[in-house]
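Computed from a predicted structure; not experimentally measured.
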Amino acid sequence: MYAGDKAAFALSREVGWLLICCQAVNLLTLYQELASWMLAVLALCLCWQILMVHYQKSRPPKTVMAIFALGGCLVLVILGFELGLLLAMLHLLCFSYVLKALEINGRGDFYLVVLLGFFLLVSSLIFQQDLQFTLVILLCLLLNISLLLSYFSSVSPGLSTLKTSGVLVLHSMPLTLVLFVIFPRLSPFWQVPMAKTSATGLSENVAPGDIASLALSDKLAFRVNFDRIRPDYSQLYWRALVLENYDGRRWQMAPEYKSKLKQIFIAPLAGQTPPEGRKLSYQVIAEASFRKWLFALDLATLPTEDNDVRKQLIQLPDYSLRSRKPLTKAISYRVDTYPDAPLDLQLPGHLIRRNLDYPANANPKLVREVAGLRQAHPDDSDLVQAVLEHFNRQPFRYTLQPPLLNENSLDQFYFETRAGFCVHYASTFAFMMRVAGIPARLVTGYLGGEHNPQGEYYSIYQYDAHAWVEIWQPGKGWQRIDPTAAVNPERVENGLSALLLQEQSRLSGDFFSLQRLKQFAWLNELRLQLDAIDYQWTRLVLGYSVAKQYRLLSSWFGRQVSWKVAGLITGAVMLTLAVLWWFYRRSATEDPRDPGLILYRQALKLLSEKGWQKPLSETAKGFAGRLARRCPEVAGSFTELTEVFEQLSYQSLSVAEKKAGVARMQTLLHECKQRLKTLKKNRV
């Protein structure tokens with residue numbers, strides 16, 4: 001019907017609706033990554049498809065389609081640099097997906113649209129890989145398989161088709177699990193390009209107000225599982241970035257750290273006494289962020305015995321950790337921390353000068369204020385305490401909605417607005433220390449985290465982002481000072497206060513965030529349980545790295561793992577092929593469950609006993625015609641039986657029509673038997 005005859009190709013109305021449904025859900029999995037104009041274009045194309053299916057409208061003219069396609073590609077080329085390579089490619093893929101569905105002329109076009117749908121689902125896993133989203137993708141996969149099955153089935157799409165899709169997926173699970181565990185985890189043939197709009201978390205340069213906007217996000221940043229000792233909440237300062245350059249407005253990383261990250265490999269403890277005292281050991285699972293920075297408590301060291309981690313991570317001289325590649329997926333690493341160890345007891349002259357530098361004309365009122373404080377407090381410790389007491393006693397306010405600041409932003413904040421988030425206080429404090437002659441730098445990262453008793457781990461979210469200050473003093477090294485504690489002690493001791501949580505909930509645009517369930521005890525318990533399951537999914541599945549696979553297989557097979565794994569894979573594939581061959585042979589020899597086919601075969605058997613054999617290459621209609629010419633006494637009933645059989649096999653009929661067709665075939669088969677008996681008696 002379809003082969004070589006494109007004009008005869010047409011999807012049934014039910015399959016057409018299912019195709020639209022599949023396209024809509026596939027595109028929804030990527031809606032956060034698509035620009036608003038592209039969403040509007042996709043919606044327009046889907047609306048046209050709905051008109052084509054519901055009102056039997058013709059497809060758009062080829063000229064209109066060509067102009068539309070060229071216009072869309074031109075816009076993508078213009079906006080490609082703004083979107084970034086990955087998102088530009090993704091937009092092009094989605095655009096092609098909906099356009100191709102408007103010009104399905106044959107079976108090949110239909111297959112191409114279905115394959116593009118599968119590819120879109122896989123692409124969405126680049127941006128989200130948590131368990132909930134993976135389950136959503138699995139449901140979408142079942143729907144797309146149902147679309148493919150519905151195209152070949154004479155039954156209308158429904159729950160039975162979805163059930164068959166589920167059975168097919170379940171059948172594939174054993175082989176999938178075996179291959180997941182033992183198949184060599186090869187490095188990708190290409191590097192996933194950076195997604196500009198998908199990058200989440202902290203930035204390499206920070207200005208007052210930046211982290212306040214980040215605090216509105218409920219997105220997970222990373223999880224931590226301590227081996228034995230769990231420190232107090234107020235000690236959970238997760239170091240991520242050290243910002244030493246200040247231009248009067250923004251704090252930035254030192255340029256040599258940004259430009260030489262691929263070549264640099266410096267152990268911070270080189271030349272120093274190995275850390276002593278308390279040691280905290282823990283595992284960190286960082287979520288995909290499309291950034292390179294990682295998280296650890298001070299003073300962090302990487303376990304020396306874990307060479308695989310050392311190949312992936314970098315330790316910078318400022319005691320922060322980096323990944324050599326952007327985090328396009330969750331990454332797991334172990335860290336040992338010595339919380340009582342000093343940081344840089346000796347500091348080179350160029351680092352002292354860098355951490356004392358500030359623009360000459362920046363914040364003149366604050367410079368005069370510091371000069372007065374320095375005269376009153378010659379001792380560094382007294383000066384630090386005086387500034388913190390000023391923050392505490394004056395009407396400073398901690399808020400997620402700080403007022404906008406002008407060019408001399410710290411002057412305006414310190415003397416006028418007095419309302420800000422952690423970066424406002426940390427920036428002001430670090431600037432004042434530099435003016436007073438005390439080396440100071442800004443550190444950004446996260447503070448605290450949510451302890452999950454279900455799995456005994458911490459979840460650190462983007463709203464835990466925080467900024468603090470380190471000042472350097474001879475004989476003491478870098479000392480952590482958190483000016484936020486002077487304004488809002490509850491933030492440091494327990495996290496965001498109830499007032500700030502209300503403010504965050506009001507400002508956050510994520511209506512479906514599970515964090516809103518915290519106020520309900522049993523719902524919060526359920527949320528923590530779901531999070532614990534997702535943690536195990538991340539640890540066991542997403543964190544199944546090459547090193548873990550090698551250790552697991554080595555424990556199973558001992559030495560010469562590669563040859564044994566290759567043999568096991570070959571055996572598994574051969575066994576799978578053997579099982580499939582056995583099922584095929586069994587189904588080929590078993591009686592079909594189609595009652596129409598059973599009756600037709602019974603009729604052929606009766607005719608073959610008379611010497612009228614139907615060749616396999618001959619169609620049913622052709623055989624009926626040939627029989628009519630050779631034996632017109634029998635052909636009448638058999639010809640009608642053949643017509644009913646073809647209707648049952650190739651036409652979309654209702655259940656009642658099918659039952660009537662089968663009953664008619666039974667009657668015609670009985671007539672064939674009677675005519676053949678009569679023919680035998682007459683010939684005898």
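- Atom CG of L27 is separated from atom SG of C22 by 11.0 Å, given to the nearest 0.5 angstrom.
- In this structure, L93 and Y97 have side chains that are not in contact, with every pair of non-hydrogen atoms separated by 4.5 Å or more.
- Once rounded to the nearest 0.5 Å, the distance linking CG of L74 with CD1 of I67 reads 13.0 Å.
- Judged by distance alone, with hydrogens and angles left aside, the side-chain atoms of R13 form a donor-acceptor pair with the main-chain N or O of H54 at under 3.5 Å.
- Between D534 and L131, the shortest heavy-atom distance links the atoms OD1-N, 2.6 Å.
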Verdict with supporting geometry, V53 and L19, side chain to side chain contact (heavy atoms under 4.5 Å, CB included):
CA-CA 10 Å; V53 174; L19 174 61; over 6 Å; no

Residue pair F110, V114: steps toward the side chain to side chain contact (heavy atoms under 4.5 Å, CB included) verdict:
CA-CA 6 Å; F110 177 72; V114 174; 4.0 Å; yes

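- Put simply, the side chain of L528 reaches to within 4.5 Å of the side chain of N524, judged on heavy atoms.
- When side chains are defined from C-beta on, L112 does not count as touching I104, because their heavy atoms never get closer than 4.5 Å.
- Taking a 6.0 Å sphere around CG of L577, one finds it holds more than 12 heavy atoms contributed by other residues, nucleotides or ligands.
- Other residues, nucleotides and ligands contribute at most 12 non-hydrogen atoms within 6.0 Å of the CZ atom of F119.
- Distance alone, capped at 3.5 Å, is enough to place a donor-acceptor pair between the Q549 side chain and the F183 backbone.
- A salt bridge does not link K62 to E103: none of the charged side-chain nitrogens sits closer than 4.0 Å to a carboxylate oxygen.
- When side chains are defined from C-beta on, L313 counts as touching I331, because their heavy atoms get closer than 4.5 Å.
- Ion pairing of E618 with R626 is present here, as a side-chain N (NZ or NE/NH1/NH2) and a carboxylate O approach within less than 4.0 Å.
- The aromatic rings of F623 and F638 sit perpendicular, their planes meeting at an angle over 60°, well past the 30° parallel limit.
- Taking Q666 as the reference, nothing meets the side chain to side chain donor-acceptor pair (under 3.5 Å) condition, with sequence neighbours excluded.
- Below 30°, between 30° and 60°, or above 60°: for Y111 and Y151 the angle between ring planes is above 60°, a perpendicular geometry.
- Remark: side-chain polar atoms of W537 are paired, donor with acceptor, to backbone N or O of Q129 under 3.5 angstrom.
- The minimum heavy-atom distance linking L102 with C45 is given by the pair CD2-O, 4.0 Å.
- Taking all atoms of both residues into account, the shortest heavy-atom contact from G661 to L648 is C-CD1, 4.0 Å.
- Within the model, atoms CG of L294 and CG of L327 stand 5.5 Å from one another, a figure rounded to the nearest 0.5 Å.
- Counting non-hydrogen atoms of neighbouring residues, nucleotides and ligands closer than 6.0 angstrom, the OH atom of Y31 reaches no more than 12 such neighbours.
- The main-chain N or O of L46 is never found under 3.5 Å from a side-chain atom of Q23 such that the two would form a donor-acceptor pair.
- Heavy atoms only, all atoms of each residue included: H91 and A35 are closest at NE2-N, 2.9 Å.
- For S165 (side chain) and S146 (main-chain N/O), a donor-acceptor pair under 3.5 Å exists by modelled atom type.
- Counting only distance, with no hydrogens or angles, the side chain of S608 and the backbone of K605 share a donor-acceptor pair below 3.5 Å.
- Between L627 atom CG and T639 atom OG1 the span is 7.0 Å, to the nearest 0.5 Å.
- Taking 4.5 Å as the limit, some side-chain heavy atom of V15 sits within range of a side-chain heavy atom of L147.
- Here the shortest heavy-atom pairing between F95 and A69 reads CE2-O, 3.7 Å.
- Remark: aromatic rings of F127 and F133 are distant, center separation not under 6.0 Å.
- Across every non-hydrogen atom of V541 and F180, the tightest pair is O-CZ, 3.7 Å.
- Not a single donor-acceptor pair under 3.5 Å links the side chain of E450 to the backbone N or O of I460.
- Applying the ring pair (Phe, Tyr, Trp, His ring centres under 6.0 Å) test between F222 and each of Y535, F295, Y333 identifies F295 as the sole match.
- Side-chain atoms of L92 and S96, non-hydrogen and from C-beta on, do get closer than 4.5 Å to each other.
- Two residues are said to be in side-chain contact when any heavy atoms from C-beta on lie closer than 4.5 Å; K614 and L607 fail this criterion.
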Step-by-step side chain to side chain contact (heavy atoms under 4.5 Å, CB included) determination, R664 to E640:
CA-CA 9 Å; R664 182 57 185 163; E640 186 179 354; 2.9 Å; yes

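- Separating the CG atom in L90 from the CG atom in L120 is a distance of 7.0 Å, to the nearest 0.5 Å.
- Expressed to the nearest 0.5 Å, how far CE of M665 lies from CD of E643 amounts to 11.5 Å.
- Listed for the Y457 side chain is no donor-acceptor partner under 3.5 Å among the backbone atoms of N452.
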Given side chain to side chain contact (heavy atoms under 4.5 Å, CB included), test T29 with V25 step by step and report yes or no.
CA-CA 7 Å; T29 60; V25 297; 5.9 Å; no

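- Between L599 and L641 there is no side-chain heavy-atom pair separated by less than 4.5 Å.
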